[in-house]
Amino acid sequence: MRLEEVKERGKFKFITNDGESLHFFGQLFIFNGGKGEIFLSVDDVSILPYTLNDEGTFNLIGQFNTLNNCIFTGCFISSQPRRGGGEIKITFNNALLKLDDKVFNTQVKLLHNKLNIKPNGIQIYIDNLDLWAIDFDVFDIVDENNMISLTCNTRNDVVLYQDEFVIISILFTYNYSIFPEVEGARISEHPYIEINKKEGAFNNVDELFDYLHKITSLISILLGEEAYINSINAIFIEDGHRCYSPFIFEMDLVKTNQALLGWHDINFSLNDVIRINKEVDVFSTWMTRFDEISPSIELYRTYKKVNNKYSEINFLWMAQIIEALHRRINDRKEYAVADYEKMCNKLRECCPKEYLTWLEPRLKYGNEISFKSRLGEFMDDIKNTLNNQLYDDYSMKLDFSDKEFGKFVSDIVRYRNYYTHYDPSMKKTNIQRAKKLIALRSLLELILLIQIFKFIGLTDKNLGIILFKWQNRMGKLLRKTKFLLKKYYK
C-alpha cells in the first residue's frame with residue numbers, strides 16, 4: 001500500500017521545558033513525499049510557547065480519531081499573525097502515527113527529558129522488491145491423477161548485512177486467498193526490508209536513515225531502476241513485543257506512482273547476489289565503502305530521477321559523474337608526490353612574493369591528472385572487460401579499434417570542455433553533434449555502472465552474468481551503446 005495523503009483534525013500539545021502546553025485544536029496535512037504541515041487555530045499568539053522568531057526546533061504530540069497517538073519532531077513555526085489570534089502554520093521533519101499507548105508514553109518521556117525518539121528499527125517497503133527477490137522455486141505445482149496441488153515453500157529471512165550496530169534483512173510474508181472454485185485460489189509472496197538496531201547501539205534516529213540511504217542506493221543499482229520507498233514503519237519493542245508505527249519523514253524516495261519493471265529487467269537479483277557472495281560480500285563491501293563514491297552515486301541517482309530532455313545536459317551530467325568517480329577510487333598523480341613537492345618548492349623560490357597568493361591554489365591541485373587521463377583509464381578497462389575471452393557472445397563485445405576508442409575519448413573531453421568552459425570555435429550546434437552526444441552519454445553510463453560493480457568486488461565473470469542477459473537494464477544499455485556508436489560514428 002503506497003503512502004497516502006493525510007488530512008485530519010485533532011488536538012495538539014507543545015512539549016516544553018516545563019512539561020506540556022495547553023492543547024490547541026488544529027489540522028494535520030501529510031502530502032505525497034512525506035512533507036507535513038500542521039495548522040493551529042489560536043485566539044492569542046502570545047500564549048504560544050514558541051514563536052516564529054525562535055531559533056531551533058520543538059516537538060509536538062497529537063491525538064486524532066483515526067491516527068490515534070502521534071508525535072511530531074523537528075517542528076518549527078513557518079508563519080503566524082503578528083498579534084491577536086489566527087492561524088499558525090507549523091512544519092515538521094518527522095512524524096510517528098498510530099502509536100501504541102505504551103510506546104507513546106515511553107517516547108514522550110524521552111522528549112520530556114530532551115532526548116530523541118528511539119525506535120528499535122525501521123521496516124521498509126520498496127517498489128519492485130518482489131521482482132528483485134523473486135524465486136520461482138517458492139511455488140510447486142503438481143498435476144497427479146487429475147488433481148492439481150499447489151505447495152508454497154515459505155522462505156526464511158535473509159540477512160543482507162550486519163555490523164556491530166544493526167542487522168539488515170529481507171523478510172517475506174504470504175497471503176492466502178482460497179475460494180470454493182479452484183480458479184479463485186491465490187497465494188502471493190511479499191518481501192520487505194527491516195533494519196534492526198542491536199542492543200546498546202546508537203540512539204540517534206538519523207543513523208538508521210543513513211543505513212536506509214545506503215541500502216536503497218545499492219538496491220537501485222541492482223534493480224536498474226530507482227528504489228522508491230512506498231511506506232516506512234518504525235519498530236518499537238515494548239515489554240518484549242514488537243510494535244509498528246507509520247513513520248513519516250520528508251524525502252524524495254517516496255513516490256506516488258510505481259515504476260514499471262518486469263523480472264527480466266533486473267540487473268542482479270537477490271539470488272544472483274547470494275551466488276556471488278560466495279566470492280565477494282556485495283552488501284558488506286558496499287556499506288563499508290559507500291562514502292568513498294557517494295558523490296558519484298548521488299549525482300547518478302539524481303540524473304536518473306530528473307530525466308532531462310536535453311542531450312547536452314545529460315552528457316555533461318554523466319561526464320561529471322565519471323570524473324568524480326575516478327577521482328574517488330584512483331589516487332594516481334601526474335608526478336610522484338616527493339618529486340612534485342620539489343617542483344613546487346622551486347617554483348615558490350623563483351616566484352615574486354606578490355604573486356604567491358595567486359600561485360598557491362594552482363600548486364595545490366597541479367598534480368591531479370587530467371580528465372582525459374581519467375577517462376582513458378576507464379576506457380581501457382572497459383575494453384578489457386567487455387572483450388574478455390570469457391565471453392563467447394559477440395553482442396557483449398565492444399568491437400571497436402583502438403583508434404575508434406581514442407576518438408570517443410577525445411570527443412568526450414572536447415565536448416565536456418566546450419559545455420563547461422565554452423569554446424567559440426565549437427559554437428555551431430547541429431543534429432549530428434546531438435546524436436553523438438546521445439551515443440557518448442550512453443557509453444559513459446555503461447562505463448559508470450561497470451566501474452561501480454567492479455568497485456564493490458565483482459569480477460569480469462560476475463559481470464558476465466548481467467551483460468549476457470540482453471533483456472535486463474545493463475544488457476540493454478550495452479547493446480544500445482554499441483548500436484548508437486556504430487550508427488553515429490561511421
Side-chain angles (χ1 to χ4, degrees), residues 1-8 28-37 59-60 62 64 66-75 91-100 103-104 107 116-130 132-133 157-158 160-161 165-173 190-197 201-220 223 225-238 242-259 283 287 301 305:
M1 182 176 182
R2 304 199 65 77
L3 176 68
E4 295 180 355
E5 294 188 0
V6 173
K7 181 181 179 181
E8 186 164 355
L28 167 67
F29 292 91
I30 298 176
F31 308 103
N32 174 47
K35 182 179 181 181
E37 294 176 347
N59 303 310
L60 284 171
F64 305 86
T66 58
L67 297 177
N68 304 325
N69 301 317
C70 299
I71 294 175
F72 307 92
T73 62
C75 305
T91 302
F92 59 85
N93 290 327
N94 303 314
L96 290 168
L97 311 179
K98 300 182 180 180
L99 285 162
D100 176 90
V103 173
F104 177 74
Q107 299 305 309
N116 294 321
I117 55 174
K118 293 182 180 179
N120 297 93
I122 49 178
Q123 179 189 62
I124 313 108
Y125 290 87
I126 298 175
D127 285 350
N128 298 306
L129 193 66
D130 55 336
W132 180 68
D157 305 346
V158 178
L160 301 176
Y161 171 77
F165 303 113
V166 300
I167 298 177
I168 303 176
S169 307
I170 183 167
L171 301 88
F172 304 89
T173 60
H190 304 280
Y192 61 92
I193 288 175
E194 281 193 4
I195 304 176
N196 287 287
K197 293 194 311 185
F202 50 81
N203 293 321
N204 192 341
V205 70
D206 291 339
E207 296 283 351
L208 277 173
F209 287 109
D210 184 52
Y211 281 99
L212 170 63
H213 177 67
K214 290 178 181 179
I215 208 75
T216 53
S217 295
L218 177 55
I219 291 177
S220 294
L223 275 174
E225 178 65 48
E226 183 60 44
Y228 286 108
I229 295 170
N230 58 65
S231 66
I232 298 180
N233 293 316
I235 303 170
F236 296 96
I237 300 176
E238 195 73 32
R242 291 170 72 84
C243 305
Y244 296 86
S245 168
F247 202 170
I248 306 298
F249 66 105
E250 186 175 358
M251 62 184 298
D252 59 4
L253 293 180
V254 182
K255 186 180 179 183
T256 302
N257 299 317
Q258 179 173 343
F283 277 89
M287 298 295 284
R301 295 182 75 185
K305 282 181 280 191

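Computed from a predicted structure; not experimentally measured.
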So, for [X] and [Y], which heavy atoms are closest and what is the spacing to 0.1 Å?
X	Y	value
L67	C70	O-SG, 3.5 Å
I219	A227	CG2-CB, 4.0 Å
I235	Y244	CG1-CE2, 3.6 Å
I170	A133	CD1-CB, 3.8 Å
T73	I71	CG2-CG2, 3.9 Å
I126	N230	C-ND2, 3.8 Å

Kindly indicate whether the side chain of [X], heavy atoms from C-beta on, has any atom under 4.5 Å from the side chain of [Y].
X	Y	value
V205	F247	yes
I195	Y161	no
I215	F283	yes
Q123	R242	no
L212	F209	yes
K305	Y228	yes

Is it the case that the side chain of E8 and the backbone of T66 share a donor-acceptor pair, with hydrogens and angles ignored and the cut-off at 3.5 Å?
yes
Exercise for review: Could you walk me through whether I248 and L97 pass the side-chain contact (heavy atoms from CB on, under 4.5 Å) test, one step at a time?
Suggested key: CA-CA 8 Å; I248 306 298; L97 311 179; 3.8 Å; yes
*Please work out which of the three classes, parallel, tilted or perpendicular, describes the rings of F72 and F64, given edges at 30° and 60°.*
perpendicular
| said: Once you measure the plane-to-plane angle for F165 and F202, does it fall in the parallel (<30°), tilted (30-60°) or perpendicular (>60°) bin? | reply: tilted
Spacing of [X] atom [atom1] and [Y] atom [atom2] [to the nearest 0.5 Å]:
X	Y	atom1	atom2	result
I168	L160	CD1	CG	7.5 Å
N120	I237	CG	CD1	4.5 Å
F104	L96	CZ	CG	10.0 Å
Q107	S245	CD	OG	9.0 Å
L171	N196	CG	CG	8.0 Å
F92	E37	CZ	CD	8.5 Å

Trace of the side-chain contact (heavy atoms from CB on, under 4.5 Å) decision for L129 with W132:
CA-CA 5 Å; L129 193 66; W132 180 68; 3.6 Å; yes
Requested in this report: Might you work through the side-chain contact (heavy atoms from CB on, under 4.5 Å) test for L99 and F236, ending with a clear yes or no?
Outcome: CA-CA 10 Å; L99 285 162; F236 296 96; 3.9 Å; yes
